[in-house]
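In what follows, a structure is listed as structure tokens, so that the remarks can point back to it.
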2 protein chains.
Amino acid sequence: MKRIEVKKGQILQRADYLNKKVYQVESGLLRSYSIDENGKEHIFMFAPENWLIGDGVPKDEPCQLFIDAIEDSVVIPIERDSPLLSDSKKLIRRVEVLKNRIIKLMSASAIERYEDFIETYPNIAQRVPQKMIASYLGITPEALSTVKRNRLKK
Amino acid sequence: MKRIEVKKGQILQRADYLNKKVYQVESGLLRSYSIDENGKEHIFMFAPENWLIGDGVPKDEPCQLFIDAIEDSVVIPIERDSPLLSDSKKLIRRVEVLKNRIIKLMSASAIERYEDFIETYPNIAQRVPQKMIASYLGITPEALSTVKRNRLKK
DNA sequence: TTCCTTTATTAATCTACATTAATGCACAAC
DNA sequence: GTTGTGCATTAATGTAGATTAATAAAGGAA
């Protein structure tokens with residue numbers, strides 16, 4: 001199968017462009033994110049080895065997310081309409097993960113979301129800078145820094 | 001097919017209990033929601049006619065959401081493992097909707113989320129009380145009231 | 001190594017939204 | 001009719017997290 005090398009910092013997909021592919025991560029670590037009207041990045045997900053990363057849009061609509069590499073990575077492109085992506089068990093699991101994230105965004109404080117993140121994804125938490133964790137949690141790096149300090153004080 | 005009548009206010013599913021079914025809404029309007037440790041409700045979704053509502057968990061795990069009827073409704077129960085629920089196109093669409101909600105929760109203000117909601121779901125917005133819209137948006141009814149007033153002032 | 005850019009931390013100030021509480025209103029029960 | 005009971009609104013106050021700005025530390029490029 002075809003492989004693509006993606007160097008750290010290199011952009012694999014841009015919002016507003018068409019992209020009929022998603023990517024299976026063979027090695028490395030990537031992220032997908034949106035950029036809002038104020039130019040701020042909001043990380044939607046991280047994808048380490050063996051994860052799948054891409055845009056959920058129908059394949060003739062432009063992407064909504066950027067994807068780039070956090071570490072030097074190797075990915076395998078997969079056509080959006082490939083039967084490989086029709087595994088309904090995996091899709092149902094994915095829906096559940098997103099549901100939990102929504103409920104937590106609505107009901108948990110920043111520190112609770114942080115603790116939940118490092119517990120659920122310890123492997124990822126060690127490999128990405130704090131500011132990206134903050135972006136994933138929906139807060140600023142400054143707020144994450146403060147919130148961690150206050151937790152230790154207790 | 002079997003039908004269930006659900007009267008306004010009646011609970012169809014409780015969090016922490018097993019439920020191997022999801023529900024196709026034939027008429028009426030239902031909602032699913034979680035209750036956090038402070039006893040606050042957070043509405044995850046509304047389901048009017050022809051929508052599907054249920055929990056995304058694997059079928060042997062207890063539910064995470066409550067489901068009840070906002071209007072007198074009629075629903076058709078469907079087994080979780082039914083092939084009817086394996087339509088990967090629909091699942092992909094669902095993933096996209098949830099993705100957009102996450103991105104908006106992270107990047108948009110309460111008033112922006114409100115305007116987006118009434119634009120995207122005008123039919124639902126007219127049928128549910130404000131406090132439920134607030135709960136769906138992740139804010140308090142008081143904040144929604146204030147935010148709407150400030151918008152009109154301009 | 002030096003230089004430069006990115007990242008993390010801290011503090012001061014600001015703001016969106018939460019909390020609390022009071023008031024008025026609609027609608028259903030009696 | 002009267003009496004709730006729940007809902008929407010308003011206002012006063014509180015607070016989590018944003019913003020701004022400064023400093024320091026860490027990593028990359030030359």
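Lettering of chains follows the sequences in order, A, B, ..., and the numbering in each one begins at 1.
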Tell me: NZ of A:K7 to P of D:dG28, nearest whole Å?
-> 13 Å
Presence of salt bridge, A:K148 and A:E115, under 4.0 angstrom | no
Measure all distances between protein nitrogen or oxygen atoms and nitrogen or oxygen atoms of nucleotides 27-29 of chain C, and list the pairs falling under 3.5 Å.
none

Between A:D55 and A:R80, is there a side-chain N and carboxylate O pair less than 4.0 Å apart?
-> no
Name the closest nucleotide to the A:P129 side chain, picking from C:dT19, D:dA18, C:dA8.
-> C:dA8
Rounded to whole Å, CG of B:N38 lies from P of C:dA18 at a distance of 13 Å
If you measure from the Lys or Arg side-chain nitrogens to the Asp or Glu carboxylate oxygens, is any gap between B:K20 and B:D81 under 4.0 Å?
-> no
Could you check how far CD1 of A:I70 sits from P of C:dT7, rounded to whole Å?
-> 11 Å
State which residue, out of B:K8, B:K7, B:R127, fulfils the side chain to side chain donor-acceptor pair (under 3.5 Å) condition with B:E71.
-> B:R127
Report the distance from atom CD1 of A:I133 to atom C1' of C:dT7, rounded to the nearest whole Å.
-> 13 Å
Select one nucleotide: of C:dA21, C:dT10, D:dA18, the one nearest the side-chain heavy atoms of B:E142.
-> C:dA21
Over how many whole Å does the gap from B:Q130 atom CD to D:dT10 atom C1' extend?
-> 14 Å
Respond yes when some side-chain nitrogen or oxygen of A:R149 is under 4.0 Å from OP1 or OP2 of C:dT9, and no when none is.
-> no
Qualifying residue, where the test is ring pair (Phe, Tyr, Trp, His ring centres under 6.0 Å) with B:Y33 and the options are B:F44, B:F66, B:Y136 = B:F66
Is the A:Y121 ring parallel, tilted or perpendicular to the A:W51 ring (thresholds 30°, 60°)?
-> perpendicular
Do the non-hydrogen side-chain atoms of B:I102 and A:H42 ever get within less than 4.5 Å of each other?
-> no
What integer distance in Å separates A:K40:NZ from D:dA18:C1'?
-> 7 Å
State whether the side chain of A:D87 and the backbone N or O of A:K89 hold a donor-acceptor pair below 3.5 Å, judged by distance alone.
-> yes
Extract from the structure each pairing of a protein N or O with an N or O of nucleotides 15-17 of chain C at less than 3.5 Å, listing the distance.
| unit_1 | atom_1 | unit_2 | atom_2 | d |
| --- | --- | --- | --- | --- |
| C:dC17 | OP1 | B:A110 | N | 2.9 |

Can you tell me the distance, in whole Å, between the NZ atom of A:K131 and the P atom of C:dT9?
-> 14 Å
Side-chain heavy-atom pair A:I70, A:L30 within 4.5 angstrom cut-off = no
Starting at atom CZ of B:R127, determine the distance to atom C1' of D:dC7, rounded to an integer number of angstrom.
-> 19 Å
